[in-house]
Amino acid sequence: MQHPDATACAELVRSGAVSPRELVDDAIGRIQRDNAELGLVNIELFDSARATAAAYTQTPSTAPFHGVPILIKDLGATVAGVLQTGGVLPLKQAPNLAAHDSHLVARLRAAGFIIVGKTTTSEFGILPSSEPPAWPPARNPYDPTRSTGGSSGGSAGAVAAGFVPLAHASDGGGSIRIPASCCGLFGLKPSRGRVSFAPDIGDLNGGLVNEHVVTRTVRDSAAVLDLLCGAVAGDPYAAPPPARPYLDELRAPPAPLKIGFATRHVDLEGRLVEAHPDCVAAVAHTATLLAALGHHVEPAEIETLFEPEWVPRFLSIWVAGVAHNLDELGRVLGRPAEERDVELLTWSLGQLGNLISASGYIDAWRWIHGAARRIAKFWDRYDLWLTPTVSTPPKPLGTFRSPPDDPLAGIFRAAEFAPFTPPFNATGQPAVSLPLYRNAAGLPIGTQLVAAMNREDLLFAISAQLEAAQPFVHAALR
């Protein structure tokens, strides 16, 4: 079977060209053939998937993705009765089974998707590489010695390898966009409050985290966000509903836009530095495509992002979240979490988080909120901002490992690798990584487009226009 996207798979089922059982068997066969090498799927749900597919084959449905296989990231969204580890070894050993489907999973099931398994993530989703202690590392289908990115690395690698047409992902500092860049996929992080975390929580880390999917096509991402968006009773806040379905935004190109671009970021020593030449070239390529489509593109930096307080303020919020994760781990285990339970980096970040006072946490958010208001003024002058998604090509596995004598090394390397994505988790704005460029070694290099708050419609419209001008190519498909 070839590699149609999820929309095309659903059309094949509706036409009778293939059955849900055939689609699921094909996905399972690909996972069984290649996953031992790549380590992308950590929990197999093959028996239940086949049973559901058999029932779906006998019962036609109008559900938009009836019979299409999907994978769920092993972090955040929960699948009833299924292991939920977040990459944490004691949760695998416990075993920690989810009590129910989360709202997102229930929506995906109602749309006809069939869950065939769960995917590898970094421990607690902390690092931008999916190499958890609980499972084998996720290897990049383009080069198995390199990372898929993270923390949704298993999901992105699985879609790039052709296991499934799309997969669930989440993003608290770039964890949809980073693996989309590393694996040559389309990855949109929605606006804050666009997708509900019901029924268990209202938000994660004060609103840093969002959930959606990674896909091969723009239309799949738009169609799934149409399914997932919307408030649930009890949500602490919600993004305003779109004016029309996101799929409708793909049908007509946007009017000429004014787009700023930048390729510099602040390093850990406070210096302004350029991204890797391959990433600069990717931005130049995307800028050229945009200009050829009639948009005005010019250099434009957001100076607020160069302010030295960005990293410490963001990390204050982040490490407080890690401290909470460790407390929650202890509650699940029925005893306090211990250093031996998690990676050295995770434990060290948690100890830092315990040093953040309640007042310090609120102060960090107030600084971020002020910065978000300063950043928002950029969109008074520009429609979109174009940057590299990450600062270098996909990294070799092991890059973010922390040695015993430098327990925080991994997080500082992560900050250098992904300086362009976290600010828009902090501001809550939507952002997307586009697969439009590869370097001389054939590795994917994503470019990020950021829109004003709640303007996913504009991101989908411009992304569809770019995809039509240069159709996405997925060379890693096996």
For Ser147 and Asn140, which heavy atoms make the closest approach, and how far apart are they? O-ND2, 3.0 Å

Do the non-hydrogen side-chain atoms of Leu250 and Val218 ever get within less than 4.5 Å of each other? yes

So which atom in Ala337 and which in Leu329 form the shortest heavy-atom distance, rounded to 0.1 Å? CB-CD2, 3.9 Å

Looking at Ser102 and Thr78, would you say the former's side chain and the latter's main chain have a donor-acceptor pair under 3.5 Å? yes

Side-chain (Ser155) to main-chain (Ser152) donor-acceptor, under 3.5 angstrom: no

Do Ile317 and Leu208 have side chains that approach each other closer than 4.5 Å (heavy atoms only, starting at C-beta)? yes

Start with the C-alpha gap between Thr215 and Leu185, add the side-chain angles, then the distance that decides, and say whether side chain to side chain contact (heavy atoms under 4.5 Å, CB included) holds. CA-CA 6 Å; Thr215 65; Leu185 301 177; over 6 Å; no

Of the non-hydrogen atoms in Ala414 and Leu127, which two are nearest, and what is the gap between them? CB-CD2, 4.2 Å

Straight-line distance of Phe197 CZ to Asp235 CG, nearest 0.5 Å: 9.5 Å

Under 3.5 Å, is there a donor-acceptor pair between the side chain of Gln470 and the main chain of Leu436? yes

Do Arg109 and Val79 come close enough that some side-chain heavy atom pair is under 4.5 Å? yes

Regarding Tyr237 and Asp203, is there a side-chain donor-to-acceptor distance under 3.5 Å anywhere? yes

Short side-chain donor-acceptor distance under 3.5 Å, Asp74 and Asn42: yes

Give me the atom names and distance for the closest heavy-atom approach of Gln465 to His295. OE1-NE2, 2.7 Å

Parallel, tilted or perpendicular for Phe460 and Tyr246, by the 30°/60° rule? tilted

Glu249 and Arg244: salt bridge (Lys or Arg N to Asp or Glu O under 4.0 Å), yes or no, with the steps? CA-CA 8 Å; Glu249 305 298 342; Arg244 57 180 179 169; 2.9 Å; yes

Tell me whether Gln84 contacts the main-chain N or O of Ala77 through its side chain, where contact means a donor paired with an acceptor under 3.5 Å. yes

Quick one, Arg331 with Asp327, criterion salt bridge (Lys or Arg N to Asp or Glu O under 4.0 Å). Give me CA distance, side-chain angles, the key distance, then yes/no. CA-CA 6 Å; Arg331 287 191 287 273; Asp327 288 346; 5.3 Å; no

Given the rule in the side chain to side chain contact (heavy atoms under 4.5 Å, CB included) test, do Ile176 and Asn210 qualify, once you have shown the distances and angles that lead to the verdict? CA-CA 9 Å; Ile176 288 174; Asn210 305 263; 5.6 Å; no

Does His212 form a side-chain hydrogen bond (donor to acceptor under 3.5 Å, both in side chains) with Ser221? I'd like the steps, not just the answer. CA-CA 8 Å; His212 189 33; Ser221 184; 3.0 Å; yes

Passes side-chain hydrogen bond (donor to acceptor under 3.5 Å, both in side chains), Lys73 versus Thr119? Steps please. CA-CA 5 Å; Lys73 180 180 177 180; Thr119 60; over 6 Å; no

So, taking the atom named CG in Asp220 and the one named CG in Leu225, what distance separates them when rounded to the nearest 0.5 Å? 12.5 Å

Sidechain-backbone polar pair: Thr121 side chain, Ser151 backbone, donor-acceptor under 3.5 Å: yes

Looking just at side-chain N and O atoms, do Lys189 and Ser433 make a donor-acceptor pair shorter than 3.5 Å? no

With a 4.5 Å heavy-atom cut-off, do Leu228 and Val195 have their side chains touching? yes

In Å and rounded to the nearest 0.5 Å, what is the OG to CG distance from Ser15 to Leu12? 5.5 Å

Donor-acceptor contact below 3.5 Å, side chain Asp101 vs main chain Ala80: yes

Counting distance only, does the side-chain N/O of Ser196 pair as donor-acceptor with the main-chain N or O of Ala231 below 3.5 Å? no

Is the side chain of Gln448 donor-acceptor paired with the backbone N or O of Phe420 at a distance under 3.5 Å, no angle test? yes

Flag side-chain contact, heavy atom, 4.5 Å: Pro90 against Leu333: yes

Mutual orientation of the aromatic rings belonging to Phe417 and Phe400 [parallel < 30°, tilted 30-60°, perpendicular > 60°]: tilted

Measure the shortest side-chain to side-chain distance between Pro393 and Ile445 over non-hydrogen atoms and say whether it is less than 4.5 angstrom. yes

Between His66 and Tyr56, is the gap from one ring center to the other below 6.0 Å? yes

Minimal non-hydrogen separation, Ala461 against Pro254, with atom names: O-CD, 3.8 Å

Side chains of Asn439 and His276: do they bring a donor and an acceptor to under 3.5 Å? no

Heavy atoms, side chains only, cut-off 4.5 Å: are Leu91 and Leu83 in contact? no

Between Thr346 and Val342 (side chain of the first, backbone of the second, donor and acceptor by atom type, cut-off under 3.5 Å), is there such a pair? no

Out of curiosity, His474 NE2 to Cys183 SG, how far, rounded to the nearest 0.5 Å? 11.5 Å

Tell me the closest heavy-atom pair linking Ala6 and Pro165, and the distance in Å. N-CB, 3.5 Å

Under 4.0 Å between a side-chain nitrogen and a carboxylate oxygen: does that hold for Arg21 and Asp25? yes

Check: Phe186 main-chain N/O paired with Arg216 side-chain donor or acceptor under 3.5 Å: no

Side chain to side chain contact (heavy atoms under 4.5 Å, CB included) for Ile114 and Val68? Distances and angles first, verdict last. CA-CA 6 Å; Ile114 298 176; Val68 178; over 6 Å; no

Say you draw a straight line from SG of Cys9 to CD of Glu22; how long is it, rounded to the nearest 0.5 Å? 11.5 Å

Measuring from atom CZ of Phe261 to atom CH2 of Trp385, what distance do you get when rounded to the nearest 0.5 angstrom? 11.5 Å

May I have the step-by-step check of side-chain hydrogen bond (donor to acceptor under 3.5 Å, both in side chains) for Lys395 and Ser129, ending in yes or no? CA-CA 8 Å; Lys395 291 288 193 181; Ser129 186; over 6 Å; no

List the steps, then state whether side chain to side chain contact (heavy atoms under 4.5 Å, CB included) holds for Asp341 with Leu89. CA-CA 7 Å; Asp341 291 325; Leu89 185 58; over 6 Å; no

Side-chain H-bond candidate by donor/acceptor type, Ser130 with Trp135, under 3.5 Å: no

Answer whether the closest heavy-atom distance between the side chains of Arg401 and Glu131 falls below 4.5 Å. yes

Within a 6.0 Å radius of atom CZ on Arg438, are there more than 12 heavy atoms belonging to other residues, nucleotides or ligands? yes

Apply side-chain hydrogen bond (donor to acceptor under 3.5 Å, both in side chains) to residues Asn425 and Arg177 and explain how you reach the verdict. CA-CA 11 Å; Asn425 295 85; Arg177 291 158 290 161; 2.7 Å; yes

